[in-house]
Structures are given as structure tokens and as C-alpha cells.
Amino acid sequence: MSSKPVILTGDRTTGPLHLGHYAGSLRNRVALQHDHRQYLLLADAQALTDNAHDPARIARNVIEVATDYLAVGIDPAVTTLCVQSALPALAELTLLYLNLVTVARLERNPTIKDEIQARGFGRDIPAGFLCYPAAQAADITAFRATLVPVGADQAPLIEQANEIVRRINRQAGRDLLPEATALIPPVGRLPGVDGRAKMSKSGGNALPLSAPDAEIAAAVQRMYTDPDHLRVSDPGRVEGNVVFTYLDAFDPDPDAVAALKAHYRRGGLGDAALKQRLAGILRDLLGPIRERRAAIARDPDRVRDVLRTGTAQARRLTEETRDAVQDALGLFRL
């Protein structure tokens with residue numbers, strides 16, 4: 001058994017991944033995969049919680065998301081890629097854990113409360129969506145993960161998973177399951193190119209990883225800057241300026257970005273020059289990813305083989321954990 005820390009991470013399979021995914025998680029996964037035992041879960045079952053009306057979309061995008069993973073540099077030799085719905089132990093653990101939490105506790109989870117409000121569910125909350133903290137706890141514990149990369153807004157989900165872990169461990173009389181730590185990336189949530197708080201496919205403000213140069217240029221051109229920066233000579237505002245947010249996230253020369261901010265604040269630096277610099281940086285970043293993605297997409301059977309192999313490995317581990325939890329809860333065995 002490897003002594004490396006265990007990471008569980010993943011994405012809902014609702015569409016190809018975009019630049020926000022890259023900034024917030026993908027590049028960290030590539031960097032961490034050689035020093036950690038990393039499991040990457042394609043969360044198709046979790047995607048059903050608010051996409052049950054279009055399951056074909058979810059199934060179709062399993063291959064799309066896996067292709068994005070390979071294109072950005074995820075190495076299946078060191079990272080296990082697996083499909084959530086093909087791991088029955090995750091559903092079985094979720095059912096067990098739902099007996100250890102209350103509806104009131106689920107509704108108090110800040111992440112769930114915010115998402116319910118943002119999606120306008122009111123009281124018409126899909127039960128699967130409300131119960132997501134228990135399902136995520138099942139995912140985390142099934143892989144015995146000790147690190148879970150999440151945004152700061154997702155940290156309450158990790159704490160609720162740890163509450164369940166502590167209850168199971170008390171029942172077992174020993175530390176059967178490890179608690180997990182939220183691994184929050186230094187770059188927070190990347191705003192959409194229109195300045196809205198979140199980049200999303202559904203919001204129409206995302207830049208896909210496969211974007212051609214013309215699409216990159218068009219997206220950068222319409223990025224929100226400082227509406228009061230009317231002339232090049234005017235002092236400009238850096239805070240809330242999407243172009244600077246993206247430069248902070250992707251420019252390999254932070255000292256140069258700091259100098260550009262100072263110049264912009266005192267005046268004499270136009271938005272066009274900033275956007276030209278950013279467009280070049282994004283072309284250099286996404287161009288190789290786009291080319292690798294196109295090559296991988298020509299051989300979908302290879303992607304399926306990666307998923308089959310990884311899912312088989314994950315099935316063995318998750319079933320061992322399920323059996324241990326069932327024993328801790330004193331369930332009857334034939």
C-alpha cells in the first residue's frame with residue numbers, strides 16, 4: 001500500500017471543461033499527481049441530481065471530460081480515472097450515511113443553502129441534490145482520501161463528511177476512516193469573461209479548453225475592464241477588472257503584472273494593450289492543449305480503455321471500504 005497522501009477530486013460530466021476548471025483545479029491535479037495517490041472521479045451520478053431530464057447529455061460527456069483530463073496532462077499511469085456510476089459501493093455508502101444525518105443538518109450546510117438559492121429551487125429541491133453532502137462523504141471515504149481539492153465555498157461539504165467519519169469511527173471503536181482536509185487552490189473561482197462571478201457553460205461566459213485562437217481573441221476582446229477608463233491617459237481601476245484577474249491567474253511573469261497594475265492605476269496604459277498581452281498568453285496556454293485534445297479525440301477507444309482500467313481498480317478499493325463500514329455498523333452478513 002502506497003504511503004503517499006490520497007487525493008480524491010473530480011468533475012460533473014455535464015459538458016467539456018473550460019478555462020475556469022483549468023485555473024481552479026486541473027493544473028493543480030497535474031502538479032500533484034506524482035507526489036500523491038490521486039483518484040479522479042467522473043461524477044456522472046452526481047450530475048443527475050439536477051440533470052435527470054437529460055441523462056444522455058451526462059453519458060455523452062463522460063468521454064468528453066476524460067479527453068480533457070488527458071489533454072491537460074493527467075497521466076493515467078499515476079492518476080486513477082474512474083466513473084462514479086460504475087462504482088456501486090459509492091451508492092451503497094451514500095444510503096448508509098443518509099441514516100447518520102438529518103434533513104435539518106443537510107439544509108444548514110452553507111454550500112447547499114447557497115446552491116439552492118442560486119438555482120431557484122425553493123422547496124422543489126431534488127432529493128438527490130439536498131443529499132449531496134452524504135453522497136460526497138461516500139465518495140471521499142470510499143477512497144480513504146485525506147486531501148480533497150475544493151474551492152473555499154465547498155469547504156463546508158468536507159466538514160460534513162468529517163462529521164460522518166467521526167461517527168463511523170466512534171461506532172467502530174477505532175480510526176477506521178481518515179478525516180479529509182480541504183485543499184483550497186491559491187487561485188479562487190475564475191470569473192466569466194463578462195465579469196459575472198462564475199465562469200459556466202450554461203451562463204455562456206466560458207472559454208472551453210478546445211477554443212480556437214479566434215474564439216480566444218473574441219472572448220478577451222469582450223472582457224469587462226474599468227467602465228470609467230475612457231481614455232488611455234485616465235487612471236484605471238484594477239479591482240474587479242477581469243483582464244487583470246486573468247493575468248494574475250495565467251501570466252507567468254507576476255512582476256510584470258504588478259508593474260502593469262501600477263501603470264494602469266496612474267494612467268497611460270490602455271485596455272487594448274492589456275487585452276493583447278492576455279490573448280497571447282491564453283493562446284500559448286490553450287494551443288497545445290487543443291492540439292493534444294484533438295489527437296486524443298481521434299481514438300475514443302483509448303479513452304474508454306483508460307476509464308475501464310481505472311474504474312476496475314477503484315471498484316476493488318471502494319468495495320473494501322464499503323465492507324469495513326458495514327462491519328462497523330454491525331450489519332448482518334450471510
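Numbers for residues simply follow the sequence, beginning at 1.
With values rounded to the nearest 0.5 angstrom, Leu93 atom CG is found 10.5 Å from Glu319 atom CD. Atoms OH and CG, on Tyr39 and Leu87 in that order, are 11.0 Å from each other to the nearest 0.5 Å. Rounding to the nearest 0.5 angstrom, the gap separating the OG1 atom in Thr111 from the CG atom in Leu157 is 4.0 Å. If you take CG on Asp327 and CD on Gln171, they are separated by 11.5 Å, rounding to the nearest 0.5 Å.
With hydrophobic clusters built from ILVMFWY side chains whose heavy atoms lie under 4.5 angstrom apart, Val6 does not share a cluster with Leu32.
A donor and an acceptor atom, one from each side chain of Arg29 and Thr9, are located under 3.5 Å apart.
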Dump the intermediate steps for side-chain contact (heavy atoms from CB on, under 4.5 Å) on Leu286 and Tyr22, then the final yes or no. CA-CA 10 Å; Leu286 294 180; Tyr22 184 83; 5.9 Å; no

Can you check side-chain contact (heavy atoms from CB on, under 4.5 Å) on Arg277 and Val243, steps first, answer last? CA-CA 10 Å; Arg277 179 184 181 94; Val243 175; over 6 Å; no

Stepwise, does the side-chain contact (heavy atoms from CB on, under 4.5 Å) test hold for Leu307 with Arg304? CA-CA 5 Å; Leu307 294 177; Arg304 290 189 180 90; 5.7 Å; no

May I have the step-by-step check of salt bridge (Lys or Arg N to Asp or Glu O under 4.0 Å) for Glu64 and Arg57, ending in yes or no? CA-CA 11 Å; Glu64 293 294 324; Arg57 173 194 179 196; over 6 Å; no

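Grouped with Leu48 in one hydrophobic cluster are Ile58, the linkage being side-chain heavy-atom contacts under 4.5 Å among Ile, Leu, Val, Met, Phe, Trp and Tyr residues.
For Lys261 and Asp248, the salt-bridge test passes: some basic side-chain N is under 4.0 Å from an acidic carboxylate O.
Shortest non-hydrogen contact noted between Gly122 and Ile116 is O-CG2, 4.0 Å. Annotation for Ala47 and Thr13: closest pair CB-N, 4.2 Å, computed over non-hydrogen atoms. The shortest heavy-atom contact between Thr245 and Pro191 is CG2-CD, 3.6 Å. Nearest heavy-atom pair across Pro5 and Leu147 is CB-CD1, 4.1 Å. Pairing each heavy atom of Thr94 with each of Ala135, the nearest pair is OG1-CA, 3.5 Å. The two residues Tyr264 and Asp271 have their closest heavy-atom pair at OH-OD1, 2.6 Å.
At most 12 non-hydrogen atoms from other residues, nucleotides or ligands lie less than 6.0 angstrom from CD of Gln117. By the neighbour-count criterion of 12 heavy atoms within 6.0 Å, atom CZ of Arg315 is densely surrounded, having more than that number from other residues, nucleotides or ligands.
Checked options Gln160, Glu159, Glu115; the residue passing with Asn109 is Gln160 (criterion: side chain to side chain donor-acceptor pair (under 3.5 Å)).
The salt bridge (Lys or Arg N to Asp or Glu O under 4.0 Å) search around Asp68 returns Arg293, not counting sequence neighbours. For His18, the ring-ring contact (aromatic ring centres under 6.0 Å, His included) partners two or more places apart in sequence, or in a different chain, are His21. Checked against salt bridge (Lys or Arg N to Asp or Glu O under 4.0 Å), Asp213 has the following partners two or more places apart in sequence or in another chain: Arg290.
The salt bridge (Lys or Arg N to Asp or Glu O under 4.0 Å) pairs that include a residue from residues 79-91 number zero, where partners must be two or more places apart or lie in different chains. Pairs engaging residues 96-106 under the side-chain hydrogen bond (donor to acceptor under 3.5 Å, both in side chains) rule: Tyr97-Thr141, Arg105-Glu163 [sequence neighbours left out].
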